[in-house]
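As structure tokens, the structure follows; a few thoughts come after it.
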2 protein chains.
Amino acid sequence: MTRVLVIDDEPSILRALRINLTARNYEVTTAIDGTSGLAAVARDRPDVLILDMGLPDMDGTDVIHGVRGWTSTPIIVLSVWGAESQKVAALDAGADDYVTKPFGMDELLARLRAAVRRASPAPDEPVVTTPDFTIDLAAKRVTRRGADVRLTPTEWQLLELLARAAGRLVTQRQLLQEVWGPQYESESNYLRVYIAQLRRKLEPEPSRPRYLLTEPGMGYRFQA
Amino acid sequence: MTRVLVIDDEPSILRALRINLTARNYEVTTAIDGTSGLAAVARDRPDVLILDMGLPDMDGTDVIHGVRGWTSTPIIVLSVWGAESQKVAALDAGADDYVTKPFGMDELLARLRAAVRRASPAPDEPVVTTPDFTIDLAAKRVTRRGADVRLTPTEWQLLELLARAAGRLVTQRQLLQEVWGPQYESESNYLRVYIAQLRRKLEPEPSRPRYLLTEPGMGYRFQA
DNA sequence: CCTGGGCGTTAGGGATCCGTCAAGATCGCC
DNA sequence: GGCGATCTTGACGGATCCCTAACGCCCAGG
């Protein structure tokens with residue numbers, strides 16, 4: 001569950017945010033001034049921070065600096081309309097986004113989702129996961145129950161082709177051409193041997209394949 | 001220099017942005033509709049994208065989806081005031097920020113800086129540590145049990161490549177090209193010799209490698 | 001009941017790849 | 001020019017992998 005810390009001194013805003021965020025399954029904690037807010041960031045380690053610039057005890061940019069000193073937790077700033085120079089100061093201090101009051105709750109929630117999405121580790125590398133094993137295509141690595149599975153180059157090529165086409169059928173001809181070359185188009189023997197080896201290394205029950213499925217007469221399909 | 005692509009069909013906006021961004025030392029390219037915009041993203045690989053939602057040929061969210069399909073380049077959306085549901089749709093489609101027209105140029109520039117700052121990869125942890133030795137990539141230094149390990153230039157290049165790709169497999173071709181040059185692509189001899197030297201200097205049991213692993217037929221992998 | 005095709009499984013020979021060693025060749029420094 | 005460090009190159013045993021053939025199973029059709 002995503003944890004949100006709201007730092008604001010207006011009870012009505014706190015209440016509205018708490019209700020709306022809780023209803024959408026966020027975990028909400030609050031603070032009513034900069035000092036206790038900074039302490040709450042350190043204590044609760046929220047996933048995202050919503051910060052009102054008009055706090056009674058500190059300047060908003062100082063709060064941002066205080067947070068940015070040691071963590072890159074996303075910060076969404078709230079402020080009254082009009083203070084453009086304050087917007088610039090907040091963003092340059094390290095805030096991630098800036099919403100002017102009065103704001104639409106839907107917009108705030110969308111910006112919240114965007115901030116959390118950006119902060120979460122980018123799924124840059126294509127990783128295929130199943131309940132029984134994991135295929136990291138970028139690292140060329142297969143893990144099963146925490147241990148690396150050793151694949152030969154040919155086995156890996158075959159698995160990679162099938163995994164990149166997860167869910168779709170790949171014909172024998174396609175597989176043979178990609179892995180062995182055009183002149184091996186009809187050596188379906190090879191496929192049977194190597195599919196069997198992959199099943200032995202990956203399937204929980206190699207004789208009853210759950211992931212590397214045979215489509216008789218057609219080809220094979222990787223089911224994630 | 002940061003490269004910005006502006007996709008907008010209003011000449012006045014394009015002009016204003018071009019002038020302001022160029023003056024602040026951004027490199028600006030422009031497109032006037034979604035189709036050419038998507039092509040420009042693929043061709044120019046901008047560091048950040050400014051996108052008007054009201055394009056003549058495509059819906060703005062479709063442009064966002066088209067970009068997000070293959071890259072995480074930051075997207076700042078421009079739109080006329082008021083369409084709150086469009087804001088939500090754009091942000092959920094993968095936009096990073098949303099600015100309503102008319103906008104203050106200072107604010108846009110600040111949001112641009114914030115987007116670029118977030119996107120720039122955090123400075124790589126320049127130190128790789130294992131239970132048996134430590135690699136300081138910045139200082140070009142390897143320490144083992146408190147003492148410096150002396151590496152030749154070639155050994156260091158090889159180790160650095162593998163360490164920067166920690167966990168990922170690096171093919172022999174990649175290693176040979178990076179260390180010896182493109183014409184040595186097939187001299188896998190060299191690799192065998194130098195990997196053996198690194199193992200002798202770093203591995204606790206050079207004959208049973210724990211960190212510099214061989215993936216037969218494919219390449220090598222540094223396991224931290 | 002027989003037959004043939006598609007598939008899964010196994011095993012071994014031969015080819016390829018890898019680790020190791022050592023002897024030149026080359027470079028840089030004094 | 002001498003000398004040590006470093007880089008290239010070749011060769012060899014052993015490990016690994018690929019190809020191939022053979023066999024059994026299942027099922028559909030004759």
Side-chain angles (χ1 to χ4, degrees), chain A residues 140 142 148-162 169-173 175-221, chain B residues 140 142 148-162 169-222:
Chain A
K140 290 205 197 310
V142 179
D148 278 12
V149 179
R150 202 147 165 43
L151 294 186
T152 72
T154 310
E155 287 164 4
W156 174 261
Q157 279 188 68
L158 195 55
L159 181 63
E160 180 170 3
L161 273 176
L162 289 168
L169 169 74
V170 188
T171 66
Q172 307 193 358
R173 172 174 295 181
L175 293 170
L176 286 165
Q177 279 197 5
E178 294 279 346
V179 178
W180 281 273
Q183 64 272 34
Y184 291 82
E185 225 178 43
S186 55
E187 299 283 345
S188 61
N189 232 339
Y190 299 0
L191 276 184
R192 295 209 296 278
V193 172
Y194 278 91
I195 290 286
Q197 284 175 2
L198 282 175
R199 282 176 178 154
R200 204 173 318 127
K201 291 183 178 180
L202 299 180
E203 293 276 1
E205 289 181 86
S207 57
R208 302 192 169 280
R210 183 175 162 192
Y211 304 105
L212 296 163
L213 309 179
T214 305
E215 303 279 347
M218 308 273 296
Y220 293 88
R221 178 199 309 277
Chain B
K140 294 201 189 304
V142 181
D148 278 13
V149 178
R150 177 160 185 72
L151 295 185
T152 71
T154 309
E155 287 165 2
W156 173 260
Q157 277 188 69
L158 193 55
L159 181 63
E160 179 171 4
L161 272 176
L162 288 168
L169 183 142
V170 189
T171 65
Q172 335 192 43
R173 172 176 296 180
Q174 283 179 289
L175 293 170
L176 286 166
Q177 282 196 0
E178 294 280 343
V179 178
W180 282 273
Q183 64 272 34
Y184 290 81
E185 224 178 46
S186 55
E187 300 283 343
S188 61
N189 241 342
Y190 298 180
L191 275 183
R192 296 208 297 279
V193 172
Y194 278 90
I195 290 284
Q197 285 174 2
L198 283 175
R199 282 177 179 153
R200 236 193 329 274
K201 292 183 178 180
L202 298 179
E203 292 276 0
E205 287 181 87
S207 59
R208 301 197 149 276
R210 181 174 163 192
Y211 304 105
L212 297 163
L213 308 180
T214 305
E215 303 278 347
M218 300 204 277
Y220 292 88
R221 182 198 307 278
F222 179 83

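Chain A is the first sequence line, chain B the second, and so forth, proteins listed ahead of strands; every chain is numbered from 1.
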Between protein and nucleotides 8-20 of chain C, map the contacts as a letter string: B base, S sugar-phosphate only, - none, heavy atoms under 4.0 Å, written 5' to 3'. BBB------SBBB

Whole-Å gap separating P (dA22(C)) and OH (Y194(B)): 17 Å

Presence of W180(B) side-chain N/O under 4.0 Å of dT8(D) phosphate oxygens OP1/OP2: yes

Return the value, rounded to whole Å, for the distance between atom CD of E155(B) and atom P of dT8(D). 12 Å

Does T152(B) make a side-chain N or O approach to OP1 or OP2 of dC7(D) shorter than 4.0 Å? yes

Can you check the Q157(B) CD to dT6(D) P distance for me, whole Å? 14 Å

R173(A) CZ to dG6(C) P, straight-line distance once rounded to whole Å: 14 Å

Sequence-distant partners of Q177(B), side chain to side chain donor-acceptor pair (under 3.5 Å), two or more places apart: E185(B)

Any pair with a residue in residues 196-213 of chain A that passes salt bridge (charged side-chain N to carboxylate O under 4.0 Å, His left out), sequence neighbours left out, goes on the list, sorted by first then second residue, please. D132(A)-R210(A), E155(A)-K201(A)

For W156(B), all residues meeting side chain to side chain donor-acceptor pair (under 3.5 Å), sequence neighbours excluded: E160(B)

Starting from P on dT16(D), measure out to CG on L151(A) and report it in whole angstrom. 15 Å

Can you list the residues that meet the side chain to side chain donor-acceptor pair (under 3.5 Å) rule with T171(B), with sequence neighbours excluded? Q174(B)

As an exercise, state the distance from CG of L202(B) to CG of L151(B), rounded to the nearest 0.5 Å. 6.0 Å

Donor-acceptor contacts under 3.5 Å from residues 186-193 of chain B side chains, at least two apart:
from    : atom 1 : to      : atom 2 : distance (Å)
N189(B) : OD1    : R192(B) : NH2    : 3.0

So which pairs with a foot in residues 194-219 of chain B pass ring-ring contact (aromatic ring centres under 6.0 Å, His included), sequence neighbours left out? F133(B)-Y211(B), W180(B)-Y194(B)

Take atom NZ of K201(B) and atom P of dT6(D), then tell me their distance rounded to the nearest Å. 6 Å

Starting at the 5' end of DNA chain D, which residue's closest nucleotide do you reach first, R150(A) or Y184(A)? R150(A)

Rounded to the nearest 0.5 Å, what's the gap from CE on M218(B) to CG on L169(B)? Could you check? 5.5 Å

dC7(D) phosphate, OP1 or OP2: any side-chain N/O from T154(B) under 4.0 angstrom? yes

Pick base, sugar-phosphate or nothing for R208(B), based on heavy-atom distances below 4.0 Å to the nucleic acid. nothing

Mind calculating the distance between OH (Y190(B)) and P (dT26(C)) to the nearest angstrom? 12 Å

Tell me the bend of the helix from dC1(C)-dG30(D) to dC30(C)-dG1(D) as the angle between end helix axes, each from five pairs, rounded to the nearest 10 degrees. 30°

Going by the rule side chain to side chain donor-acceptor pair (under 3.5 Å), which residues pair with E215(A) if we only count those two or more places apart in sequence or in a different chain? R221(A)

